[in-house]
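A short worksheet on the structure shown next.
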Amino acid sequence: YQRRVHGEFCKMAASAVKNVTIFGSGLMGAGIAQVAAATSHQVTLVDTSAALLGKALDRISDSVGRVAKKQFPVASEAAAFKEKTLSNITTATDQQKSVANADVVIEAIPEKLELKHKLFTTIDAAAPAKTIFASNTSSLRITAIAEVTKRQDRFGGLHFFNPVPLMKLLEVVRTEQTSPETFSTLMAFGKALNKHVVECKDTPGFIVNRLLVPYLLEAARMVARGEATPKDVDAAMKLGAGYPMGPFELLDYVGLDTTDFIAEGWARDYPDQPLFQQVPLIHDLVKQGKIGKKSGEGFYKY
């Protein structure tokens, strides 16, 4: 009986989310906009300039086109899917007006707490009482982001993975203040996006990064101690543990600056946790501008 009631509530919660406002039109924000629009949600994508939004729409159009070709072998059906998806997206630069009809707001702006605080303070005063706020942060505490709002019971985390249209996982994060109704709505919304949703409390890094980042840092410590080379560590983890990428390949792919930034924040907030401490080897490469594939060199040359 309880399972049936919960299932019915989730259906109601999913149907309650029709209008989605997304702040930030970078890779993550554009990807979230795409999957929301493709699942018949009305999306408002918000950024600071029309130029940025134009570039994001171009990326979304190209990505939807690729998805449509794979999903629909008939050209007319692929074209109709692309047209319908893109018609569900509008853009805006006015932060307050963009949340006027939002059921859910998703923040996907740079990982700086002060920027997120400024945004949520601005839109908290403008959004309807029904609107649920969510952050796509990968490294900051949801509780710390939500503390500037007056709707901490209607605030949670929706952590998507890059590239959003291809990665099936979605971490749905609850704080101590997140209400059961809010959490059920976010879970149902994630399922409506055709994601595999997992539940997590507001712990550093949630599930994936809480396990992944210390693993990457420890691999770098091993190399720094002279115990193995990056090439051999990568081979060992792929052939011995069945991982699709070794830790140094993954560090270069993600960006050494990203991992170093996460470690810096965690080390500051949790100074007694040795697993969170920055690794000088990574930090020195970042200072040299060698941050991985996007710069042409990290632990490997590209």
_Using a 6.0 Å distance limit plus a 45 degree cone around the ring axis, check whether Arg151 lies over the aromatic ring of Phe133._
yes
Among the clusters formed by ILVMFWY side chains lying less than 4.5 Å apart, do [X] and [Y] turn up in the same one?
X      : Y      : value
Met28  : Phe206 : no
Ile142 : Ile22  : no
Met167 : Val164 : no
Ile262 : Leu275 : yes
Tyr270 : Phe261 : no

Is the number of heavy atoms from other residues, nucleotides or ligands within 6.0 Å of [atom1] ([X]) greater than 12?
X      : atom1 : result
Lys231 : NZ    : no
Lys55  : NZ    : no
Lys130 : NZ    : yes
Asp232 : CG    : yes
Glu218 : CD    : yes

Euclidean distance, [Y] [atom2] relative to [X] [atom1], rounded to 0.5 Å:
X      : Y      : atom1 : atom2 : value
Thr229 : Phe248 : OG1   : CZ    : 8.5 Å
Met245 : Leu251 : CE    : CG    : 9.5 Å
Ser139 : Arg210 : OG    : CZ    : 14.0 Å
Leu281 : Leu285 : CG    : CG    : 5.5 Å
Thr21  : Asn19  : OG1   : CG    : 7.5 Å
Ser40  : Lys18  : OG    : NZ    : 11.5 Å

I'd like to know if the side chain of [X] and the backbone of [Y] have a donor-acceptor N/O pair within less than 3.5 Å.
X      : Y      : answer
Arg154 : Ala129 : yes
Ser63  : Arg59  : no
Asn209 : Leu212 : no
Thr131 : Ala127 : no
Glu107 : Ile109 : yes
Gln277 : Gln273 : yes
Gln288 : Lys290 : no
Ser295 : Gly292 : yes
Ser98  : Gln95  : yes
Gln71  : Ala68  : no

Any side-chain heavy atom of [X] sitting closer than 4.5 Å to one from [Y]?
X      : Y      : result
His196 : Leu170 : no
Glu264 : His283 : no
Glu176 : Gln152 : no
Gln34  : Val64  : yes
Val233 : Pro247 : yes
Leu86  : Ser61  : yes
Asp124 : Val148 : no
Ile106 : Val20  : yes

Any chance the side chains of [X] and [Y] put a donor and an acceptor closer than 3.5 Å?
X      : Y      : value
Asp153 : Gln177 : no
Thr182 : Ser179 : yes
Thr137 : Glu111 : yes
Tyr243 : Asp234 : no
Asp47  : Ser25  : yes
Thr143 : Asp202 : yes

*Determine, for Arg225 against Glu227, whether the closest basic-nitrogen to carboxylate-oxygen distance falls under 4.0 angstrom.*
yes
*Does Arg141 pair with Asp269 as a salt bridge, N-O distance under 4.0 Å?*
no
Once the angle between the rings of [X] and [Y] is folded into 0 to 90°, is it parallel (under 30°), tilted (30 to 60°) or perpendicular (over 60°)?
X      : Y      : answer
Phe72  : Phe81  : tilted
Phe276 : Trp266 : tilted
Phe161 : His159 : tilted

_Worked verdict on Val35 versus Thr39 for side-chain contact (heavy atoms from CB on, under 4.5 Å)_ = CA-CA 6 Å; Val35 297; Thr39 49; 5.7 Å; no
_Steps toward side-chain contact (heavy atoms from CB on, under 4.5 Å) verdict (Asp257, Asp260)_ = CA-CA 5 Å; Asp257 53 335; Asp260 191 52; 5.7 Å; no
*asked:* Going by side chain to side chain donor-acceptor pair (under 3.5 Å), Gln42 matches just one of Asn88, Asn101, Asp103. Which one?
replied: Asn88
*Walk me through it: do Phe155 and Thr149 pass the test side-chain contact (heavy atoms from CB on, under 4.5 Å)?*
CA-CA 9 Å; Phe155 207 119; Thr149 73; 4.0 Å; yes
*The single option from Val173, Val172, Leu193, Asn136 passing side-chain contact (heavy atoms from CB on, under 4.5 Å) against Leu158*: Val172
_Among Val99, Val105, Thr91, Thr90, side-chain contact (heavy atoms from CB on, under 4.5 Å) partner for Thr44_ = Thr90
Give me the atom names and distance for the closest heavy-atom approach of [X] to [Y].
X      : Y      : answer
Leu53  : Ala92  : CD1-O, 3.3 Å
Leu140 : Lys116 : CD1-CE, 3.7 Å
Ala134 : Phe120 : O-CZ, 4.0 Å

*Evaluate the side-chain contact (heavy atoms from CB on, under 4.5 Å) criterion for residues Ile123 and Phe23: first the C-alpha distance (whole Å), next the side-chain angles of each, then the deciding distance (0.1 Å), finally the verdict.*
CA-CA 11 Å; Ile123 63 175; Phe23 285 91; 3.8 Å; yes
*Using the salt bridge (charged side-chain N to carboxylate O under 4.0 Å, His left out) rule, take Lys294 and Asp252 through it: C-alpha gap first, then chi angles, then the decisive distance, then the call.*
CA-CA 8 Å; Lys294 55 190 174 185; Asp252 278 0; over 6 Å; no
